Novice: 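Quick one: the structure is below, questions incoming.
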Amino acid sequence: MDEIDRNILRELQADGRLTIQELAQRVGLTSSPCMRRVRQLEQDGVIRGYRAVIDPEAVGRGFEVLVSVEVRRDREAVEAFEAALQDIPDVIEAYRLFGSPGCLLRIAVADLNSYERLWIERLTTLSGVTEVNSQIVMKRIKEPKGLPVDG
């Protein structure tokens, strides 16, 4: 990956809706070589997809909670827990961690009552879960802007 590829990645992370012509102009290429590079980055799995960034409040999910979860430390329990998370749309990110806690979740729901219902009806009932701790997000200080792609 060279500096032009990195520039393509920077530009697409900032605005994934750029046309090839706009992107090519910004990175100093003509359209055809720019398109080839973008396709190659997609085929190589460097670019994994394109998404719209949605305002959580606009879709009724402005209440965010970071949840640390302890799961029994056996393979079957961990696999069952991770599979069950796939069926909970309120869990918008999930990470298995080294050490304690064993898992960190980011949850987006409408309000405290919605979260309490999710906590009681789903999170605490998942197979292998031994502890659930919640941290309510007061304010998002830094929005995700993409990955640094410096050389």
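For clarity, every value in this text was computed on a predicted model and none was experimentally measured.
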Novice: Should Ile92 and Tyr95 be counted in the same cluster of Ile, Leu, Val, Met, Phe, Trp and Tyr side chains packed under 4.5 Å apart?
Specialist: no
Novice: From Leu41 CG over to Arg36 CZ, what is the distance, rounded to the nearest 0.5 angstrom?
Specialist: 13.0 Å
Novice: If you measure from the Lys or Arg side-chain nitrogens to the Asp or Glu carboxylate oxygens, is any gap between Arg122 and Asp90 under 4.0 Å?
Specialist: no
Novice: Which side-chain N or O atoms in residues 141-151 pair as donor and acceptor under 3.5 Å with protein atoms at least two apart or in another chain?
Specialist:
unit_1	atom_1	unit_2	atom_2	d
Glu143	OE1	Arg140	NH1	3.1
Asp150	OD1	Arg10	NH2	3.3

Novice: With side chains defined as the heavy atoms from C-beta onward, is the minimum distance between Met35 and Arg39 less than 4.5 Å?
Specialist: yes
Novice: Nearest 0.5 Å please: distance from the CD atom of Glu131 over to the CD atom of Glu70.
Specialist: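 If I round to the nearest 0.5 Å, the distance is 6.0 Å.
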Novice: Can you list, by chain and residue number, the hydrophobic cluster partners of Leu112 when the side-chain cut-off is 4.5 Å?
Specialist: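 Besides Leu112, the hydrophobic cluster comprises Phe63, Val65, Val67, Val69, Val71, Val78, Phe81, Leu85, Ile88, Val91, Leu105, Ile107, Val109, Tyr115, Leu118, Trp119, Ile120, Leu123, Leu126, Val129, Val132, Ile136, listed by chain and residue number.
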Novice: Could you check whether atom CZ of Arg17 has more than 12 heavy atoms from other residues, nucleotides or ligands sitting under 6.0 Å from it?
Specialist: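 Open: at most 12 neighbouring heavy atoms sit under 6.0 Å from CZ of Arg17.
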Novice: Would you please test Gln135 and Asn133 for side chain to side chain donor-acceptor pair (under 3.5 Å) and show each step?
Specialist: CA-CA 7 Å; Gln135 302 287 321; Asn133 292 299; over 6 Å; no
Novice: In terms of hydrophobic clusters joined by side-chain contacts under 4.5 Å, are Met1 and Ile4 together?
Specialist: yes
Novice: Kindly compute the distance separating CD (Gln25) from OG1 (Thr19), expressed to the nearest 0.5 Å.
Specialist: 9.0 Å
Novice: Any ion pair linking Glu79 and Arg75 (charged N to carboxylate O, less than 4.0 Å)?
Specialist: yes
Novice: Crowded around Glu82 CD? As in, over 12 foreign heavy atoms under 6.0 Å?
Specialist: yes
Novice: Would a hydrophobic clustering, with Ile, Leu, Val, Met, Phe, Trp and Tyr connected at side-chain separations under 4.5 Å, put Val53 with Val59?
Specialist: no
Novice: Should the pair Arg61-Glu64 be classified as a salt bridge under the 4.0 Å nitrogen-to-oxygen rule?
Specialist: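 Salt bridge flag = no for Glu64 with Arg61.
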Novice: Tell me who clusters with Met138, hydrophobic residues only, linked when side chains sit under 4.5 Å apart either directly or through other members.
Specialist: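 Its cluster partners, ordered by chain and number, are none at all.
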Novice: For Gln21 and Ser31, which heavy atoms make the closest approach, and how far apart are they?
Specialist: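 Shortest heavy-atom contact: CG-OG, 3.6 Å.
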Novice: Decide yes or no on side chain to side chain donor-acceptor pair (under 3.5 Å) for Gln40 and Asp44, but give the supporting numbers first.
Specialist: CA-CA 6 Å; Gln40 190 63 54; Asp44 291 346; 2.8 Å; yes
Novice: Taking the side chain as everything from C-beta on, heavy atoms only, tell me whether Arg37 gets closer than 4.5 Å to Cys34.
Specialist: no
Novice: What's the spacing between Asp111 CG and Glu116 CD if we round to 0.5 Å?
Specialist: 10.0 Å
Novice: Could you tell me whether Arg72 and Asp74 have a side-chain N and a carboxylate O separated by less than 4.0 Å?
Specialist: yes
Novice: Look up atom CG in Leu12 and atom CG in Leu23, then write down how far apart they are to the nearest 0.5 Å.
Specialist: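 Atom-to-atom, Leu12:CG and Leu23:CG are 5.0 Å apart.
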